[in-house]
Amino acid sequence: MKLELRTITKRFGSVTANDRIDLVVEPGEIHALLGENGAGKSTLMNILYGLHRPDEGQILIDDAPVSFGGPGDAKAAGIGMVHQHFMLVPVFTVTENVMLGHEPTKGLAFLDRRRARRRVTEISHRFGLEVPPDAVVADLSVGVRQRVEILKALSHDARLLVLDEPTAVLSPQETEQLINVIRTLRDAGTSIVFISHKLREVCRIADRITVIRRGAVVGTADPSASEGELASMMVGRPVRLTVDKVPAEPGEVVLDVRGLSLVGDDGVVLVDDLTFSVRGGEIFAIAGVQGNGQTEVTEALVGLVKPTTGSISVAGRDLGPLSTGEILDLGVGYVPEDRLRDGLVGDFSVAENLVLDLYDKPPFARSGALDLARIEADATARVREFDIRPPETTRAAGTLSGGNQQKIVLARELSRPLKLLIIAQPTRGLDVGSMEFVHRRIVAERDRGTAVVLVSTELDEVLGLADRMVVMYRGRIAGEVPAGAPAERIGLLMAGSAPDDQAAVPPGDVASAGVR
Amino acid sequence: MTGHTVTDTPHDHPAAARGTAGVPASARRRVLSGVAVIVTGLVCALAWGLGAHAGDAVLRLSAVGDGSPILQIRVPGRQAGLVLGAVITLLGAWQLARGFSRRAMRAVSAVVVGCFVLAFLCWAGTGQPGTPVSVFGLLQQSIFAAIPLILGALAGILCERSGVINVAIEGQMLTGAFTAALAATMAQHAGAGIVLALLAGGLMGLLLAVFAIRYAVNQIVLGVVLNLFALGLTSFGFDLLMQRDPDAYNNPSVLAPLKIPLLGDIPLLGPLLFDANILVYITYVLIIGVQVSLFHTRWGLRTRAVGEHPKAADSVGVKVRATRYRNVILGGLVAGLGGAFLSIGAVGAFGAGMSNGKGFIALAAVIFGRWSPRGAVGAALLFGFADALQTLSSAITMPVTIPSAFLSMLPYLVTFLAVAGLVGHVRAPAAGGVPYMKG
């Protein structure tokens, strides 16, 4: 199917989200749409999927103009969407999810599950999308769920598939499998629109790349273009993709974790007998796919959850009896993974957020009252230092962009003398420009002699920053990897296979591999 | 550094890592439930066994005076209590020592409750030597009490499976009861009562639907308000019309029992299940209908999808709001029918506030039954049984007189224990109570 968008324009109030966008997707082409968060990719796709109506412009399918009143029309025209947040009913089986909306029936509207199941297996064989048809979706891993989502779109006879940030939640291995699936689909004649802000993937998979910035197309590129070129197109200025850093000079042991285990309320072991130590002046990275216990480790390090067994000490002091506030006062900085939920109070101003952990101590508090002038002066300085935009200290923090929210959290945590910095998913949802800034600050903090614990699911980030790294899998350390180890080896550890255990991974055996 | 070697790949036994970890919590659960069952067994043996008078209890299993042969058994009360108590205690000991599987535990719970109740009946029977205790009457009364609860629970399931919480079952039933009595009297025909009760319940459902779905009002508050509205409206109508001229407005005849040929002749079961009024038979059909269609039809699949993940349903073309409207109104219709059973199906007149909390007990049955019709019927029967047991206990002479106030607390106590204790963690439809807004 050939898709053509002509001068699509969409405004929300005074904001132009899409400004005269032209895009042509040829039949059987993988077309990547590259742009930073907020560049207008999602708006464009929502227009294509009939969720928004364009103010100007035209959509043509196989050279005939079409107009979509809703997702139903887009689907009928052969457009399938794989959303970033899966549209799957968790308590239903794979087959039930696939058949929902166009259920085969027999007799008086009784479900014909056998026919539906046959259709699932048929499509799954045709495109190499291995899914267990009778498994309940809630029991499946994210990668398999995504395959179900793709299969669902195909079962609606989609001839053009839109994938919105499909790799954001996948392990490197799952990404690899997804890329294979996408190629199979392309070879079978399906057109693909692949939305992403990850340069490496886009270069690997795309046949053609369209870059958009601030709602407008800034150019198209070949996949042979260098990542640096693409990045500067995307950001609008030259950016450095690699992190500059000198070799670490580790000092004394700052953080010492011994036999740390955490058991959840339901008896599930979340963290299983972790032992590691981190020295001052080094970045210790914990890599791993989301949900393998990393979050719980960071929360234990700052005392938000108490270890079931094991001990944690910072600079020789046992954290066991200390409250979170006391732990922070020891010189521990904490940048949580969900900044809007745990890192900031969205309704508070930038200035207030900047003193969230210091407001009760001099110089910000004087005999029990806040020194507002002092807080304001401090905030103005921080906003300038960290280039927080817009530079208004009284603005509610929740209204800033993700990158600027992250800068607030960093500004707060890095403005006091630290011994240990715990930083989780520091660049999640951030654009390339902000990413560069955050990485520089982390390295600068290390060079000041602080011990840094970095938790990240982004392989590139871990590889670029870490001086030492471990991979967590199912609550355990699956292995320690020296800096500069090949990405493939780490990828395998993240998927739960030991490096010397590669033969044990049967490549297509998904029905058993995917179920967790 | 520990854990350099990876012992399990994701391919073998996927659940192993979590399975072994689950032991401590389930062990605690096993000990607790084992001890609880043992205590129940000891109470059973002490109170109903040793507390019984000497002599035999007579339990009658057949109906009185319908020509069928009289079926009754005679048991030594004290020994019966001791034996049944011992059985319960042994089951508890086994659970404590070895543990039953989760599925077996359900059957075991039923056996425990059954033994306990049987021991109670034997104990009660020794208080009136020679005079039989009517077990048949007890069961019949249980079903009779359960019918409105079942209908109310089905109404709740229909709504909640589509993602709208229905706290207004009580009000819908009350409106149905009032309308049924009024219409049946004025039209001189029970059929008119049933049809109008359906409509009145449906109208209440529509009201709930419009405010919950269109105006996105908090559904709990809305349900409470609708209950008060129904109470006020029916009490007003009762004062205005029924009190002044009962003969013209509140004198419907009770629906006559219709005996089904063949089925009605089965000993014990026949008179119990197939010699009842039309509303009871409609209830049987509805139970099977809702159970089957919820899990095996297109409508059911879409209903559950809308209740779990409306956005996903919408993205494949299922009309979320239309589905909810339809289900909430359907629920109202069924609750209205439950109301009709209260007035023209059972009493033969409307009384102010006559639903008397049954809508809320029906709501408890929905939760206890884990949002499935089958489960809800079981729960409703349990609550109905508690109700019947209370009626029976106040009618017979027992070895020790139990205060009537305590007895009338029984159905609510059972509801409370069931919902708080036995259900444990249940999972409601994920989108329950959340209005669906486009975009």
Side-chain angles (χ1 to χ4, degrees), chain A residues 51-52 70-72 75 81 83 85-92 96-97 99-103 105 108-111 113 141 152 156 259 263-270 272-276 470 473-480 493 495-498 501 504-506 509 512-516, chain B residues 1-29 161 163 289 292-320 371 425 427-431 438-439:
Chain A
L51 286 169
H52 294 321
K75 198 174 300 149
M81 188 88 141
H83 299 267
H85 305 285
F86 299 148
M87 292 293 172
L88 297 173
V89 181
V91 296
F92 281 10
E96 285 172 331
N97 266 295
M99 73 168 143
L100 182 68
H102 57 158
E103 306 85 351
T105 53
L108 290 163
F110 284 102
L111 297 174
R113 286 177 206 269
S141 70
K152 198 172 87 176
H156 290 265
V263 179
D265 293 336
D266 47 0
V268 174
V269 176
L270 301 166
D272 192 3
D273 192 21
L274 236 57
T275 299
F276 62 87
V470 293
Y473 180 72
R474 293 202 182 170
R476 293 187 204 163
I477 290 177
E480 179 168 358
L493 284 170
S497 312
D501 202 27
V505 187
D509 183 16
S512 59
V515 182
R516 277 217 288 233
Chain B
M1 194 68 60
T2 63
H4 275 236
T5 51
V6 176
T7 48
D8 62 330
T9 65
H11 312 294
D12 46 21
H13 45 267
R18 281 151 192 257
T20 48
V23 169
S26 72
R28 200 176 56 202
R29 204 180 165 85
R161 278 288 185 170
V292 171
S293 34
L294 202 51
F295 296 105
H296 299 289
T297 68
R298 174 190 300 201
W299 167 83
L301 188 75
R302 293 185 172 187
T303 295
R304 287 183 291 136
V306 164
E308 290 289 343
H309 195 331
K311 227 172 167 172
D314 192 17
S315 76
V316 291
V318 176
K319 294 199 164 49
V320 174
W371 285 267
H425 183 72
R427 213 194 61 84
K438 272 260 184 196

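The chains referred to below are lettered A, B, ... by the order of the sequence lines, with proteins before strands, and numbering in each begins at 1. The figures that follow rest on heavy atoms only: side chains count, while hydrogens, waters and symmetry mates do not.
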(request) Measure the spacing between NZ of A/K152 and OG of B/S315 and express it to the nearest 0.5 Å. (result) 4.5 Å
(message) Tell me every residue that passes side chain to side chain donor-acceptor pair (under 3.5 Å) with B/R304, counting only those two or more places apart in sequence or in another chain.
(response) none
(request) Please report the closest heavy-atom contact between A/K75 and B/G317, naming both atoms and the distance. (result) NZ-N, 3.9 Å
(request) Heavy-atom distances under 4.5 Å only: say whether A/V89 touches chain B with side chain, backbone, both or neither. (result) both
(message) Counting only non-hydrogen atoms closer than 4.5 Å, does A/H85 touch chain B with its backbone (N, CA, C, O), its side chain (CB onward), both, or neither?
(response) neither
(message) Tell me the closest heavy-atom pair linking A/L100 and B/A305, and the distance in Å.
(response) CD2-CB, 3.5 Å
(message) What's the separation between atom NZ in B/K311 and atom CZ in A/F86, rounded to the nearest 0.5 Å?
(response) 14.5 Å
(request) Compare all side-chain heavy atoms of B/V316 with those of A/M87 and state whether any distance is below 4.5 angstrom. (result) no
(message) So B/H296 and A/R113, do their side chains get closer than 4.5 Å, heavy atoms only?
(response) yes
(message) Is there a side-chain contact between A/M99 and B/L301 in this structure, where contact means two heavy atoms from C-beta onward sitting under 4.5 Å apart?
(response) yes
(request) Name the region of A/L88, side chain, backbone, both or neither, that has any atom closer than 4.5 Å to a heavy atom of chain B. (result) backbone
(request) Under 4.5 Å heavy-atom distance to chain B, tell me which part of A/F110 shows up: side chain, backbone, both or neither. (result) both
(message) I need the A/E103 CD to B/W299 CH2 distance, nearest 0.5 Å.
(response) 13.0 Å
